[in-house]
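Encoded as structure tokens, the structure appears first; notes follow it.
Numbering of ligands and ligand atoms starts at 1, following listing order. Position 1 is the first residue of the sequence; numbering continues from there. Source: prediction; values computed, not measured.
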Amino acid sequence: MTNVTVLGSGAWGTTFGQILADAGNDVTMWAIEPEIVADIRDNHRNSYRLPVVEKLPDNMTATGDRAEAVAHAEIIIVAIAAQFARVALEEFRGLIPHDAIVVSLMKGIERNTGKRMDEVVREALGLPENRFAAVSGPNLSKEIARREPSATVVASVNPYAAARVAQACSTSYFHPFTSTDVIGLELCGSLKNVVALAVGMARGAGYGENTAAMIETRGLAELTSLGKACGADPKTFSGLAGVGDLIATCGSPLSRNYTFGANLGKGMSVEEATKASDGVAEGVPTTATVVALGDKLGVPTPLAAAMTHVLEDGISCAQMLSELFGTEITNE
Ligand SMILES: NC(=O)C1=CN([C@@H]2O[C@H](COP(=O)(O)OP(=O)(O)OC[C@H]3O[C@@H](n4cnc5c(N)ncnc54)[C@H](OP(=O)(O)O)[C@@H]3O)[C@@H](O)[C@H]2O)C=CC1
Ligand SMILES: O=C(CO)COP(=O)(O)O
């Protein structure tokens, strides 16, 4: 049994808390909103962010007090919307036990710095690399909340930390694999959201399997070249966190990114799609950072570039696809 604290009680944070509790750990959820804290602590529910679960496990509680939340934590999980992670975590600096492992579940890139979540978490908390792990994979929260079988990847440069986190979140329905490729894992999770926005948009506009497969495959190629240029292990891109998550996210209306894109494809504006979204669609703020990263590293990112024109200039799905093709015939 391990004391685990989850910072952020959104859909995935709460679901992951349930996994950890099912695995036999004592779980403390932290949320910024007092009514979410009270709901989890007193009613064993999170009716605000995860109403699909009727009763959360008994070994799962909540607090809104930062110091109390992390005081006895051996593992601290971070599941906060990526653009707010830094500001939220800076409040925990100095409160984290000196030997706790900190784990990011987040899938996004910080908009004003272009930094990955491993970098943001470590900078905000002053955390050494060997106490950080990232978790990413095809993990649609609502399916896992219903305890449907699924798998994920836990990556850390410290194999002991990865194994410890994997052990803590291993249940009969949730199977973690380990990896040392933190950069690859972070990029897979962040970039597949951009691809899911585009696939969702094509679906919303009424296009079928060929168009979806074309966007997914070109998106994977983009993700792989950018990842390689950042120093990721190319094998990660064909694994669960890469192709696996791409298949899940691009194929499901349970994905907020897919749904956001689908709403754009049906004719909603970015503002309307944001209002309609059931939680954070991380691909939206991440798309422009992908283009900037590609520019910096000299890697073409035609899909992300076309999607920035959707998000910033409101171009249609047909225009986005025509931008993606370009005018030249090239080698695949
Ligand atoms: N849902 C999923 O299926 C999966 C999600 N992820 C990733 O996990 C991360 C969290 O996703 P998810 O839980 O689903 O998102 P939700 O939209 O359900 O929740 C977002 C969370 O961020 C918190 N938050 C936002 N701003 C702040 C702030 N300033 N300070 C503190 N907390 C803040 C919210 O708090 P509050 O509720 O109080 O507003 C909430 O707990 C994302 O990066 C996502 O990509 C990864 C795998 C699967
Ligand atoms: O990352 C996810 C599935 O692996 C969840 O995707 P969304 O954030 O688009 O809902």
Give the numbers and elements of all ligand 1 atoms closer than 4.0 Å to a heavy atom of [X].
X	result
Gly10	13 (O), 18 (O), 19 (O), 40 (C), 41 (O)
Ile36	37 (O)
Leu105	6 (N), 7 (C), 8 (O), 46 (C)
Gly279	17 (O)
Arg49	36 (P), 37 (O), 39 (O)

Does only the side chain of [X] get under 4.0 Å from ligand 2, or the backbone, or both, or neither? Count heavy atoms.
X	answer
Glu282	neither
Asp245	side chain
Leu140	both

For ligand 1, note which part of [X] has a heavy atom under 4.0 Å away: side chain, backbone, both or neither.
X	answer
Thr14	neither
Arg256	side chain
Met106	both
Lys107	both
Ser255	neither

| Hey, is atom 34 (C) of ligand 1 under 4.0 Å from any protein heavy atom? |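 Under the 4.0 Å cut-off, atom 34 (C) of ligand 1 has no protein heavy-atom neighbours at all.
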Testing the 3.5 Å rule here: is there a donor-acceptor pair between the side chains of [X] and [Y]?
X	Y	answer
Thr152	Asn139	yes
Thr274	Glu271	no
Asn193	Asn257	yes
Gln319	Ser322	no
Ser190	Lys107	no

Exam field: side chain [X] to backbone [Y], donor-acceptor pair closer than 3.5 Å:
X	Y	result
Ser252	Thr249	no
Asp26	Asn3	no
Ser255	Tyr258	yes

| When you measure from atom 38 (O) of ligand 1 to every protein heavy atom, which one gives the shortest distance, and what is it? |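 Result: Glu33 OE2, 3.0 Å.
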| task | Among all protein heavy atoms, pick the one closest to atom 6 (O) of ligand 2 and tell me residue, atom and distance. | result |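 It is Lys192 NZ, 3.5 Å.
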For [atom], which of the options [options] provides the nearest non-hydrogen atom?
atom	options	answer
atom 7 (P) of ligand 2	Glu143, Met106, Arg256	Arg256
atom 25 (C) of ligand 1	Gly64, Ser104, Ala81	Ala81
atom 48 (C) of ligand 1	Asn139, Ile80, Asn46, Thr286	Asn139
atom 27 (C) of ligand 1	Trp12, Phe84, Phe16, Trp30	Phe84
atom 10 (C) of ligand 1	Ser141, Ala79, Ala281, Ala82	Ala79

Salt-bridge present ([X], [Y]; N to O < 4.0 Å):
X	Y	answer
Asp118	Lys115	no
Asp22	Arg147	yes
Arg116	Glu110	no

| field | Positive for side-chain contact (heavy atoms from CB on, under 4.5 Å) with Asn25, one of Ile75, Val4, Ile19 | value |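 The option that passes is Val4.
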| said: When you measure from the heavy atoms of Gly108 to every atom of ligand 1, does any distance fall below 4.0 Å? | reply: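 No.
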| said: Check for me whether Gly13 has a heavy atom closer than 4.0 Å to any atom of ligand 1. | reply: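 Distance cut 4.0 Å: Gly13 passes for ligand 1.
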| query | Got more than 12 heavy atoms from elsewhere within 6.0 Å of CG, Asn210? | reply |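 It does not: Asn210 CG has 12 such atoms or fewer within range.
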| Polar proximity ligand 2 side, Lys107 side, N/O cut 3.5 Å exclusive |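 So ligand 2 has an N or O lying under 3.5 Å from an N or O of Lys107.
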| message | Please report whether ligand 2 has a polar contact with Gly137, defined as an N or O pair separated by less than 3.5 Å (distance criterion only). | response |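 So ligand 2 has an N or O lying under 3.5 Å from an N or O of Gly137.
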| said: Check this for me - ligand 1, Leu140, N or O atoms closer than 3.5 angstrom, yes or no? | reply: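 No.
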